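Right, one structure below, let's go through it.
Quick caveat: nothing in here was measured; it's all calculated off a predicted structure.
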Protein chains: 2
Amino acid sequence: MPMGIQEIATVTGLSKSTVSRALRGMPTVADATIDQVRRVADELGYVPSSAAAGLATGRQRAVGVVVPVIDRWFYVRALGGIDAELRRAGYDLVLYNLGGPGGDRGRAFRRSMLRHRVDGLVLLSLVLDETERAELELTRHPMIVIGGPAPGLRNVGVDDLAVTETAIGHLAGLGHREVAYLGGQDEDGMNVAVPYLRRDGFADAMRVRGLDVREDRLLDGRFSFAGGVAAGADLFARDPTDRPTAVFCASDEMALGVLLAASRAGLSVPGDVSVMGIDGHEYGAVVGLTTVAQDPEAQGRAAARAVLAEVDGGSAGPLPAAPAELVVRTSTAAPRR
Amino acid sequence: MPMGIQEIATVTGLSKSTVSRALRGMPTVADATIDQVRRVADELGYVPSSAAAGLATGRQRAVGVVVPVIDRWFYVRALGGIDAELRRAGYDLVLYNLGGPGGDRGRAFRRSMLRHRVDGLVLLSLVLDETERAELELTRHPMIVIGGPAPGLRNVGVDDLAVTETAIGHLAGLGHREVAYLGGQDEDGMNVAVPYLRRDGFADAMRVRGLDVREDRLLDGRFSFAGGVAAGADLFARDPTDRPTAVFCASDEMALGVLLAASRAGLSVPGDVSVMGIDGHEYGAVVGLTTVAQDPEAQGRAAARAVLAEVDGGSAGPLPAAPAELVVRTSTAAPRR
DNA sequence: CTGAAAGCGCTAACAT
DNA sequence: ATGTTAGCGCTTTCAG
């Protein structure tokens with residue numbers, strides 16, 4: 001019923017092989033033949049079967065993208081970049097979202113991703129345990145991770161230590177000595193690497209400058225807007241004489257929340273307190289948030305290009321760190337006192 | 001090299017068919033056999049080929065999701081819902097993003113979606129033209145759209161006319177007579193239905209109450225945060241004595257922008273002006289935005305269930321409208337004068 | 001430049 | 001409960 005290459009062969013009086021070659025525009029086929037075949041295919045409403053092609057060639061022309069959760073700014077942007085590059089290459093994108101209901105991560109891995117449905121995998125900020133790594137290795141697909149560095153896997157992403165150093169450099173340069181850090185774990189605890197790296201980077205950058213890293217100024221904002229609001233509210237409700245002059249947030253989404261908390265607490269930014277984040281979120285640009293901006297979309301494209309190259313038998317050399325750039329806006333200034 | 005069902009057949013001394021059945025846990029297979037086969041499969045590091053299975057059965061166990069652009073709140077949430085339901089059913093999700101570079105929409109359709117890689121399609125707020133419809137029909141896959149009603153296709157989504165009526169009912173009930181509308185086209189102009197419906201709904205709801213719909217109070221915010229900020233800035237820069245007492249936004253993202261524009265213009269909300277939106281965006285909850293909330297995730301799940309049912313030969317009856325609910329927070333109040 | 005034939009790895013009757 | 005036999009729709013040597 002759903003007809004294939006065969007019918008168009010009979011109609012044109014050609015052989016299946018020629019039709020197949022013509023459809024793919026192979027150079028060994030006469031131009032006239034190509035035209036004819038394509039025309040007939042159109043008339044007949046021919047729809048190719050990727051399964052059959054995949055079986056025959058061993059290539060699915062699709063790559064999988066694994067995300068811990070789907071609704072985070074960074075992931076969405078990166079996904080856009082990956083998609084763009086894949087589309088350009090004529091590849092489809094299969095999305096594996098681990099954060100679903102129950103987040104039954106293990107099963108998701110085995111049940112679907114291991115089915116050879118894709119030729120390669122891009123993992124977004126995912127830290128795999130030994131078993132998971134081993135299982136994915138079975139497929140022998142090229143894999144690359146965006147975000148946190150993952151042991152044994154190629155990685156695309158910013159240098160988190162450098163990013164935090166840049167941020168604290170900016171704040172310290174402005175004269176801040178009392179700065180709080182807002183970080184914390186992603187709620188599902190799936191991406192431990194980046195949060196830790198940033199917290200450590202913050203602490204290092206502070207200590208290098210002889211500045212205090214106070215336990216009670218290491219806040220948890222779960223990397224979300226609401227978390228930032230809550231943490232900010234908590235911080236600003238404390239003894240005003242002991243208030244930090246700046247709050248450094250490990251993500252713009254949290255920083256946006258802190259901005260709101262500050263305005264609710266009647267504090268002016270940057271008058272009473274400076275606030276900055278990391279990411280380059282669009283909302284930050286309009287509210288004047290100082291940040292260390294990165295380009296997740298570019299990272300997505302780079303990662304996609306890398307897997308695609310590897311799928312095509314290319315080399316698998318290490319990737320350069322993604323650029324990040326200090327963007328000074330109006331949420332940071334020299335402390336008052 | 002990449003071994004298959006055959007090797008595990010030889011190792012166990014069983015036939016390919018039995019192995020195939022055992023792997024899928026079919027009831028006609030002895031439990032002991034199932035165990036043995038699974039164990040051997042594990043030991044051998046067997047990875048099934050979805051292409052082969054797909055070719056043999058004609059089912060890919062995957063559904064495609066087409067989005068106009070990926071980075072919109074509504075789409076991301078809906079995608080999450082679709083994914084959850086698909087995963088539950090053991091289906092993979094293939095993402096088709098039309099908004100990529102150049103947004104070469106036509107080619108995207110033909111080149112990929114038509115390859116029988118999926119068993120069904122969920123279209124997010126997409127309005128198809130005749131050619132596109134015809135082309136997609138070729139695949140004979142079940143299709144459903146979320147968001148704007150699309151001629152000839154089943155649809156999941158809120159009743160936009162009812163939603164706007166609810167919103168204006170709330171505002172008018174508070175005593176507002178001068179209300180501005182912030183809508184506009186999505187920048188790519190891909191989803192015309194919803195914006196139009198909401199604008200019409202607004203106008204109807206106003207007229208029904210004998211309220212004026214002024215041309216100069218029909219604003220364009222391109223359905224984005226930045227667009228909302230810009231439109232708000234423009235509106236609040238006009239003659240204060242002629243300022244509307246409320247701004248009704250067709251999406252929360254735009255309303256959030258208007259909130260910011262108001263605070264920048266030194267206006268208090270809801271003191272000087274009331275603001276409300278549509279959607280139920282998380283940020284709105286924390287900033288106190290009144291809205292008519294919908295649940296895109298639930299809509300995604302419903303749509304996924306519907307295609308899946310149809311894929312399984314189920315019926316294709318019409319779907320009920322998705323619920324939407326007025327959520328009154330602190331951004332709306334009775335007008336001052 | 002085109003054709004014939006042999007699979008790709010799995011599933012599905014149809015036996016047994 | 002398990003084995004046999006054909007394919008699924010396309011690609012790919014190998015021959016013309």
Worksheet item: How long is the line joining CD of Glu7(A) and P of dC8(D), in whole Å?
Response: 11 Å

Pairs under 3.5 angstrom only: tabulate donor-acceptor contacts from the side chains of residues 54-67 of chain B to other protein residues two or more places apart or in another chain.
unit_1, atom_1, unit_2, atom_2, d
Thr57(B), OG1, Ala53(B), O, 2.8
Thr57(B), OG1, Arg59(B), N, 3.1
Thr57(B), OG1, Arg59(B), O, 3.3
Arg59(B), NH2, Val311(B), O, 3.1
Arg61(B), NH2, Ala89(B), O, 2.9

Worksheet item: Could one point to a donor on the side chain of Ser17(B) or the base of dT4(D) with an acceptor on the other under 3.5 Å away?
Response: yes

Discussion item. Closest-nucleotide mapping onto DNA chain C: is Lys16(A) or Val19(A) further toward the 5' terminus? I mean the 5' end.
Written reply: Val19(A)

Item to complete: Mark yes or no for whether Arg77(B), through its side chain, and Ala298(B), through its backbone, hold a donor-acceptor pair below 3.5 Å.
Response: no

Worksheet item: Val11(B) versus Glu43(B): any side-chain heavy-atom pair under 4.5 Å?
Response: no

Worksheet item: For Thr57(B), which contact category applies under a 4.0 Å heavy-atom criterion: base, sugar-phosphate, or nothing?
Response: sugar-phosphate

Item to complete: Take the protein atom CG of Leu23(B) and the nucleotide atom P of dT11(C), then report the distance between them rounded to whole Å.
Response: 8 Å

Item to complete: May I ask you to evaluate whether Ser49(A) reaches the phosphate of dC10(D), defined as a side-chain N or O under 4.0 Å from OP1 or OP2?
Response: no

Worksheet entry | Residue met sooner reading DNA chain D from 5', once Ser20(A) and Arg21(B) are mapped to nucleotides | Arg21(B)

Fill in: Whole-Å distance separating the CZ atom of Arg117(B) from the P atom of dC10(D)
14 Å

Item to complete: Round to the nearest Å and state the distance from Leu55(A) atom CG to dT11(C) atom P.
Response: 11 Å

Item to complete: Tell me what Thr28(B) touches on the nucleic acid: a base, only sugar-phosphate, or nothing, going by heavy atoms under 4.0 Å.
Response: base

Worksheet item: Of the nucleotides dG3(D), dC8(C), dC8(D), which has the atom closest to the Ala56(B) side chain?
Response: dC8(D)

Item to complete: Select base, sugar-phosphate, or nothing to describe what Arg24(B) touches, counting heavy atoms under 4.0 Å on all strands.
Response: sugar-phosphate

Worksheet entry | Exam field: side chain Asp312(B) to backbone Gly314(B), donor-acceptor pair closer than 3.5 Å | no

Practice prompt. Nearest whole angstrom, please: distance from the P of dC10(C) to the CD of Gln60(A).
Written response: 12 Å

Response to the item:
Per nearest nucleotide of DNA chain C, the residue lying toward the 5' end, Ala53(B) or Ala30(A), is Ala30(A)

Worksheet item: Within the pair Ser15(B) and dT4(D), is there a side-chain N or O less than 4.0 Å away from OP1 or OP2?
Response: no

Worksheet item: What's the CG-C1' distance between Leu44(B) and dG9(C), to the nearest Å?
Response: 15 Å

Discussion item. I'd like to know if the side chain of His141(A) reaches the main chain of Val118(A), judged simply by a donor and an acceptor atom lying under 3.5 Å from each other, with no hydrogens or angles considered.
Written reply: yes

Worksheet entry | Euclidean distance, atom CE of residue Met26(A) to atom P of dT11(D) [Å, nearest integer] | 9 Å

Worksheet item: Whole Å only: how far is the CZ atom of Arg61(A) from the P atom of dT11(D)?
Response: 11 Å

